[in-house]
K.L.:
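Once you've had a glance at the structure underneath, I'll fire off some questions.
Nothing fancy with the numbering, it's 1 onward along the sequence.
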Amino acid sequence: QVQLVESGGGLVQAGGSLRLSCSASGNIFSIHTMGWFRQAPGKQRELVASIVSGGSRNYARSVKGRFTISSDNAKNTVYLQMNSLTPEDTGDYLCNARIQLHAVGAADNYWGQGTQVTVSS
């Protein structure tokens, strides 16, 4: 099976930075996309940033210019560098990946357990 393990969350003051990491492990044939969603209390889960295996990146409007997503394909790992954090960035950050397990077949969605990011004012 596939596991996504996140790290890097924590408590930071407004204006600070954090770097999240997410590593995928298991019987993986290929990874199509990796990305980060966040879930704040009382709000819907939203896409923060994603990166396709070819390198194309997508960001939520609210984080453009502050967050940078990158990946290390050899390590099946995606990173999210978060700068100029605000209290509105507080939430549970979940790693997501579309992974193909076999040479033949479709890719499926996998989720990590989440890592909490809290930004104090």
Side-chain angles (χ1 to χ4, degrees):
Q1 266 294 2
V2 171
Q3 267 195 319
L4 299 182
V5 179
E6 301 118 327
S7 62
L11 173 64
V12 65
Q13 286 190 331
S17 299
L18 284 173
R19 188 187 193 218
L20 306 183
S21 300
C22 171
S23 294
S25 62
N27 190 21
I28 296 170
F29 175 74
S30 70
I31 298 178
H32 293 196
T33 64
M34 294 189 81
W36 293 93
F37 286 71
R38 69 185 175 194
Q39 179 93 57
K43 293 186 178 181
Q44 283 191 326
R45 184 177 295 183
E46 61 172 345
L47 173 67
V48 176
S50 64
I51 184 166
V52 180
S53 59
S56 176
R57 294 164 172 82
N58 183 42
Y59 295 96
R61 185 177 297 181
S62 60
V63 307
K64 270 185 182 178
R66 300 188 298 121
F67 291 10
T68 302
I69 191 168
S70 60
S71 64
D72 184 334
N73 293 338
K75 296 181 179 180
N76 289 339
T77 298
V78 65
Y79 306 96
L80 186 68
Q81 178 67 43
M82 306 186 293
N83 299 328
S84 303
L85 285 160
T86 73
E88 287 69 37
D89 294 315
T90 293
D92 191 26
Y93 282 67
L94 300 108
C95 179
N96 170 266
R98 285 193 60 78
I99 297 174
Q100 188 174 341
L101 300 183
H102 307 287
V104 178
D108 288 321
N109 250 348
Y110 294 88
W111 292 92
Q113 294 292 320
T115 184
Q116 180 66 32
V117 171
T118 303
V119 184
S120 63
S121 56

K.L.:
For residues 4-15, please give each side-chain donor-acceptor pair under 3.5 Å, one per line with the distance, not counting sequence neighbours.
P.N.:
from : atom 1 : to     : atom 2 : distance (Å)
Glu6 : OE1    : Gln113 : N      : 3.0
Glu6 : OE1    : Gly114 : N      : 2.8
Glu6 : OE2    : Cys95  : N      : 2.8
Glu6 : OE2    : Gly114 : N      : 3.1

K.L.:
Rounded to the nearest 0.5 Å, what separates atom CD1 in Ile99 from atom OG1 in Thr33?
P.N.:
9.0 Å
K.L.:
Grab the two heavy atoms, one from Met34 and one from Val78, that are nearest each other, plus how far apart they are.
P.N.:
CE-CG1, 3.8 Å
K.L.:
At their closest point, which heavy atom of Ala24 faces which heavy atom of Ile31, and how far apart are they?
P.N.:
CB-CD1, 4.1 Å
K.L.:
Does Arg57 reach the main-chain N or O of Gly55 with its side chain, forming a donor-acceptor pair under 3.5 Å?
P.N.:
yes
K.L.:
Does any part of the side chain of Thr68, heavy atoms only, come nearer than 4.5 Å to the side chain of Tyr79, both counted from C-beta?
P.N.:
no
K.L.:
When you compare the side chains of Thr90 and Thr118, does any donor N or O come within less than 3.5 Å of an acceptor on the partner?
P.N.:
no
K.L.:
Grab the two heavy atoms, one from Lys75 and one from Thr77, that are nearest each other, plus how far apart they are.
P.N.:
O-OG1, 2.9 Å
K.L.:
If you measure from CG on Asn76 to OG on Ser25, what distance do you get to the nearest 0.5 Å?
P.N.:
8.5 Å
K.L.:
Is the closest side-chain heavy-atom distance between Leu101 and Phe29 below 4.5 Å?
P.N.:
no
K.L.:
Return the minimal non-hydrogen interatomic distance between Pro87 and Ser120, and the atom names on each side.
P.N.:
CG-C, 4.4 Å
K.L.:
CD of Gln81 to OG of Ser21: how many Å apart, nearest 0.5 Å?
P.N.:
9.5 Å
K.L.:
Taking atom CD1 of Ile28 and atom CD of Gln1, what is their separation to the nearest 0.5 Å?
P.N.:
10.5 Å
K.L.:
Distance from Ser62 atom OG to Glu88 atom CD, nearest 0.5 Å?
P.N.:
9.5 Å
K.L.:
Applying side-chain contact (heavy atoms from CB on, under 4.5 Å), run through Leu85 and Phe67 and close with a yes or a no.
P.N.:
CA-CA 9 Å; Leu85 285 160; Phe67 291 10; 3.7 Å; yes
K.L.:
The test is side-chain contact (heavy atoms from CB on, under 4.5 Å); show your working for Arg38 and Leu80 and say whether it passes.
P.N.:
CA-CA 12 Å; Arg38 69 185 175 194; Leu80 186 68; over 6 Å; no
K.L.:
Counting only heavy atoms not in Gln3 (residues, nucleotides, ligands), do more than 12 fall under 6.0 Å from its CD?
P.N.:
no
K.L.:
May I ask you to decide if Ala107's main-chain N or O and Arg98's side chain share a donor-acceptor pair within less than 3.5 Å?
P.N.:
yes
K.L.:
Could you pull out all residues at least two apart from Val117 that satisfy side chain to side chain contact (heavy atoms under 4.5 Å, CB included)?
P.N.:
Leu18, Leu20, Met82, Tyr93, Val119
K.L.:
For Arg66 and Tyr59, run side-chain contact (heavy atoms from CB on, under 4.5 Å): C-alpha distance rounded to whole Å, both residues' side-chain angles, the deciding distance at 0.1 Å, then the answer.
P.N.:
CA-CA 10 Å; Arg66 300 188 298 121; Tyr59 295 96; over 6 Å; no
K.L.:
Could you tell me which non-hydrogen atom of Val104 sits nearest to which non-hydrogen atom of Gln100, and how far apart they are?
P.N.:
N-NE2, 4.3 Å
